[in-house]
Amino acid sequence: MSIGLLALQGDFREHRATLRRFGIEALEVRLPQQLAAVSHLIIPGGESTTIGRLLTRYALVEPLRARAGHDLAIWGTCAGAIILARELRDTKHGGQPTLGLMDITLRRNAFGSQLDSFEAPINAPVLGPTPLPGVFIRAPRFESLGPKVQALATLPDGEVVAARQGRLMATTFHPELTDDDRVHRYFLEL
Ligand code: GLN
């Protein structure tokens with residue numbers, strides 16, 4: 001098992017710090033040959049338009065599509081979740097290319113200006129009874145989950161904030177910005 005961090009833009013350093021806390025040294029992935037060396041890839045939060053453009057420029061789109069969900073487990077956090085989505089709703093930015101790997105529809109920046117960033121407890125029964133601390137930063141919202149997609153975590157009002165489709169996982173919050181590493185550990189088991 002070898003863990004990669006997509007290191008084109010965004011908060012990959014925070015993911016690296018979390019993984020180091022339990023003794024895993026993640027590899028930075030920017031080039032196709034670096035991608036070829038990993039079994040797990042985290043696509044961090046950041047700016048999904050920028051990450052999407054850089055994926056094309058660095059010739060990573062085709063190798064990602066070829067391996068995703070088979071011999072490559074992928075977890076996208078926030079902007080990374082947007083990159084994984086099959087469909088995107090975004091009233092301001094119009095159509096933006098995504099990898100379209102997970103059968104989910106997301107709406108970008110969906111929590112409105114007064115809730116641009118917020119914290120809330122998250123229920124994730126697969127991770128145990130204690131709620132996760134949820135940090136949301138200009139987060140997208142899940143608008144629909146396809147039939148093969150399993151909801152993993154919800155806000156107290158029932159809104160889905162994490163989902164999984166086989167070896168692909170998307171979270172709209174940022175576990176790497178908290179000291180709770182259960183989501184990272186769960187991903188490593190995919
Ligand atoms: N709002 C950003 C986007 O749409 C995502 C924010 C984040 O990753 N924290 O790309």
Side-chain angles (χ1 to χ4, degrees), residues 3-19 26 28-30 40-58 60-61 64 68 73-122 124 132-145 151-155 159-165 168-184 186-187:
I3 317 301
L5 300 173
L6 186 69
L8 301 175
Q9 192 270 338
D11 78 334
F12 58 92
R13 293 174 191 84
E14 284 75 8
H15 280 286
R16 177 165 57 210
T18 304
L19 292 165
E28 291 186 5
V29 170
R30 295 187 185 82
H40 290 63
L41 183 73
I42 297 177
I43 305 181
E47 188 51 54
S48 57
T49 311
T50 306
I51 295 174
R53 284 198 190 120
L54 292 172
L55 279 173
T56 303
R57 191 175 303 164
Y58 284 74
L60 289 167
V61 172
L64 274 169
I74 308 178
W75 169 23
T77 54
C78 204
I82 292 170
I83 295 290
L84 290 178
R86 183 177 53 78
E87 197 180 327
L88 213 52
R89 302 235 167 94
D90 179 347
T91 44
K92 273 196 202 129
H93 299 87
Q96 171 195 336
T98 69
L99 290 175
L101 296 172
M102 268 184 89
D103 191 10
I104 54 177
T105 301
L106 292 183
R107 182 178 292 278
R108 282 183 79 185
N109 302 318
F111 286 93
S113 53
Q114 80 279 30
L115 283 177
D116 242 1
S117 299
F118 63 99
E119 295 188 24
I122 291 170
L132 289 163
V135 175
F136 294 83
I137 303 168
R138 297 196 305 120
R141 234 176 182 146
F142 284 93
E143 293 216 329
S144 69
L145 307 183
L152 289 180
T154 51
L155 288 172
E159 169 149 358
V160 174
V161 292
R164 172 183 171 184
Q165 180 180 340
L168 305 173
M169 182 168 85
T171 62
T172 56
F173 58 103
H174 290 275
E176 75 284 8
L177 300 181
T178 71
D179 55 17
D180 192 316
D181 53 28
R182 283 179 288 164
V183 184
H184 286 79
Y186 181 83
F187 175 59

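In listed order, ligands and their atoms are each counted from 1. Below, all heavy atoms of this structure are taken into account, side chains as well, without hydrogens, waters or symmetry copies.
- Remark: side-chain polar atoms of E176 are not paired, donor with acceptor, to backbone N or O of T18 under 3.5 angstrom.
- In the candidate list I82, T172, I137, I137 is nearest to atom 6 (C) of ligand 1, counting heavy atoms.
- Of all protein heavy atoms, the one lying nearest to atom 7 (C) of ligand 1 is C78 SG, 2.9 Å.
- Counting heavy atoms only, H174 comes closest to atom 9 (N) of ligand 1 of the residues R108, H174, R138.
- With respect to the salt-bridge test (charged N to carboxylate O, under 4.0 angstrom), the residues E28 and R13 do not qualify.
- R89 has a carboxylate O that lies under 4.0 Å from a charged side-chain N of E87, or vice versa, which qualifies the two as a salt bridge.
- Each of H15, H40, H174 was evaluated against H184; a single residue qualifies, H15, per the ring pair (Phe, Tyr, Trp, His ring centres under 6.0 Å) test.
- The residue from D11, N109, I83 that puts a heavy atom closest to atom 1 (N) of ligand 1 is N109.
- If you check each of G10, G45, G46 against atom 5 (C) of ligand 1, the one with the closest non-hydrogen atom is G46.
- Annotation: Y186, atom OH; neighbour count of heavy atoms from other residues, nucleotides and ligands within 6.0 Å is above 12.
- Interface atoms of ligand 1 facing S48, defined by a heavy-atom separation under 4.0 Å, are 3 (C), 4 (O), 10 (O).
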